[in-house]
Amino acid sequence: MTNETWGSVREELQRTVGTSNFTNWIEPLEFSGFRDGVAVFSVPTSFMGNWVSRNFGEQIKHLLNEAGEAVHRLEFAVAKTATRTAPKKSQGATPAQTQTQAPEVELPGAPLDSRFTFDSFVVGKPNELAHAAAKRVAEGGPVSFNPLFLYGGVGLGKTHLMHAIAQELQSERPDLNVVYLSAEQFMYRFVQALRERKMMDFKELFRSVDVLMVDDVQFIAGKDSTQEEFFHTFNALVDQNKQIIISADRAPGEIKELEDRIKSRLQCGLVVDLHPTDYELRLGILQQKVELYRKQYSGLVLADGVLEFLAHRISTNVRVLEGALTRLFAFASLVGREITLELAQDCLADILRASDRKITIEEIQRKVSEHYNIRLSEMIGPKRVRTIARPRQVAMFLSKQLTSRSLPEIGRRFGGRDHTTVMHGVKRIEELKAHDNQIAEDLELLRRSLEA
Ligand SMILES: Nc1ncnc2c1ncn2[C@@H]1O[C@H](COP(=O)(O)OP(=O)(O)OP(=O)(O)O)[C@@H](O)[C@H]1O
């Protein structure tokens, strides 16, 4: 066998495997010798050799035989100069690790926030399932659900849980190669690798991890080539039984412009929802934070009822709640005053006002019409076809749940309908919600976006 034969087989492969496969896998192969029916190729990495052998081996052998060479086996030898060592422990990529462990390849992980641990995560009803699933994954035992998909609204603790998993694994299972990064960083790495023609390094790095954690995956929606690469990385890791943990601001099925095959892959494991906080959880979080602040601002007095007041009034998200408490302590320490209800009302007036925002029936009608793609006028009009009537009932249901309006008042706002019609609509949605997942998801999504 000669270089020439390989050249013609390569041309044939270029026509059959597609441009991206050819550039990534075939082009870097170098024919280096042929003996006793074994064709030897030199490859930059062993990962690449295995991949080519698994995915294109038979095809290459077949084409070589067709070209008149009696090839029984292909062998892929790693070219010494191009060897890359994947980092053994790339978690959170500190500069020290980068220097000592992977001189040529920059580690892909993002830094972890040391405050985001399981100890500092307050568990309540809205997040207990997500917490339990995260704990299980953090034990680093055999992979039982893959991926773990955590989703929930802004500031409800997704990133906190992801970091907690990563840090627990880091201390309990230092042998594992854990990589945490945001979907945005994944895309950035991918684009950079493309630009610098280092796709092989990129692929090798991401396929060499034991636990891959990607935060805010909704970010890659609509970004076609990043999605494609993410999909391949995802599949390669699942095939090797490596754990994947993903977070997003909504359920996989709700992420628009995400390819269906990715959606269905993401739904394969365990999908858990972080629900909006309830009063008890908010109070628990505040109490935990106060313990920390007491050390930082020793001597500050906190009057009874202040935390309860904040937990009651600030229900948007935990980030806002934490911000309010931080501001309150900083302010009280500056002016040297006791933290009383009055001080809180004064110092947090803007946050309290924003949290006070009332949801109106008009807003609900508008959001629901947009969601179901019907006209606002149809929402209050007379049409009774299912495609209009069902969204109308959803809007009635949400109006009952999220506003303090009475049934007759809601009826009036829906084109002067009777209160019994509203009652019927609300009941119907309640029934559907119990066994129709689509309706349940629609309601959750709408409620979130209205409360945001
Ligand atoms: N249950 C909890 N216990 C303690 N702190 C919490 C809890 N939930 C959220 N937090 C805190 O709230 C803040 C926001 O949480 P985090 O960044 O994890 O939210 P997120 O869900 O990732 O939000 P985003 O969608 O904006 O990325 C963090 O400081 C986090 O520590």
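Order of appearance sets the numbers: ligands from 1, and atoms from 1 within every ligand.
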Asker: List the closest protein heavy-atom neighbour of atom 4 (C) of ligand 1: residue, atom name, distance to the nearest 0.1 Å.
Answerer: Ser120 O, 3.2 Å
Asker: The test is salt bridge (charged side-chain N to carboxylate O under 4.0 Å, His left out); show your working for Arg428 and Glu431 and say whether it passes.
Answerer: CA-CA 5 Å; Arg428 182 78 191 113; Glu431 286 160 12; 3.1 Å; yes
Asker: Provide the number and element of each atom of ligand 1 under 4.0 Å from a heavy atom of Asn127.
Answerer: 1 (N)
Asker: Which protein heavy atom lies closest to atom 22 (O) of ligand 1, and at what distance to 0.1 Å?
Answerer: Thr159 OG1, 2.6 Å
Asker: Which is it for Leu161 and ligand 1 at heavy atoms under 4.0 Å: side chain, backbone, both or neither?
Answerer: neither
Asker: How close does the nearest protein non-hydrogen atom get to atom 11 (C) of ligand 1, and which residue and atom is it?
Answerer: Glu322 OE2, 3.2 Å
Asker: Within 45 degrees of the axis of the six-membered ring of Tyr151 and under 6.0 Å from its centre: does Lys158 put its NZ or CZ there?
Answerer: no
Asker: Starting from atom 6 (C) of ligand 1, locate the nearest protein heavy atom and write down its residue, its atom name and how far away it is, to 0.1 Å.
Answerer: Val318 CG1, 3.7 Å
Asker: Kindly determine whether Lys203 and Glu229 satisfy salt bridge (charged side-chain N to carboxylate O under 4.0 Å, His left out), including the steps that lead there.
Answerer: CA-CA 9 Å; Lys203 284 178 191 290; Glu229 192 52 43; 3.1 Å; yes
Asker: Please state which option from His163, Lys289, His160, Lys158 has its nearest heavy atom closest to atom 5 (N) of ligand 1.
Answerer: His160
Asker: Classify the ring geometry between Tyr279 and His312 as parallel (under 30°), tilted (30 to 60°) or perpendicular (over 60°).
Answerer: perpendicular
Asker: Might you work through the salt bridge (charged side-chain N to carboxylate O under 4.0 Å, His left out) test for Arg261 and Glu228, ending with a clear yes or no?
Answerer: CA-CA 10 Å; Arg261 57 182 183 158; Glu228 172 88 20; 3.0 Å; yes
Asker: Which protein heavy atom lies closest to atom 1 (N) of ligand 1, and at what distance to 0.1 Å?
Answerer: Val122 O, 2.8 Å
Asker: Is it the case that Arg392 places NZ or CZ above or below the six-membered ring of Phe414, under 6.0 angstrom from the centre and within 45 degrees of the axis?
Answerer: no
Asker: Need the ligand 1 atom indices (1-based, order shown) with element for anything under 4.0 Å from a heavy-atom of Gly157.
Answerer: 8 (N), 9 (C), 15 (O), 16 (P), 18 (O), 19 (O), 20 (P), 21 (O)
Asker: Might you point out which heavy atoms bring Leu258 and Lys263 nearest each other, and give the distance in Å?
Answerer: O-CE, 3.3 Å
Asker: Got the closest protein heavy atom to atom 23 (O) of ligand 1, with its distance?
Answerer: Gly155 N, 2.8 Å
Asker: Is Asp249 close enough to touch ligand 1? Criterion: a residue heavy atom under 4.0 Å from a ligand atom.
Answerer: no
Asker: Show me which atoms of ligand 1 lie under 4.0 Å from any heavy atom of Leu156.
Answerer: 8 (N), 9 (C), 19 (O), 20 (P), 21 (O)
Asker: List the steps and the verdict of salt bridge (charged side-chain N to carboxylate O under 4.0 Å, His left out) for Glu409 and Arg405.
Answerer: CA-CA 6 Å; Glu409 206 167 344; Arg405 305 288 172 199; 3.2 Å; yes
Asker: What is the nearest protein non-hydrogen atom to atom 17 (O) of ligand 1, stated with its residue, atom name and distance?
Answerer: Arg319 NH2, 3.0 Å
Asker: Just one of Tyr180, Phe202, Phe219 clears the ring-ring contact (aromatic ring centres under 6.0 Å, His included) bar with Phe186, so which one?
Answerer: Phe202
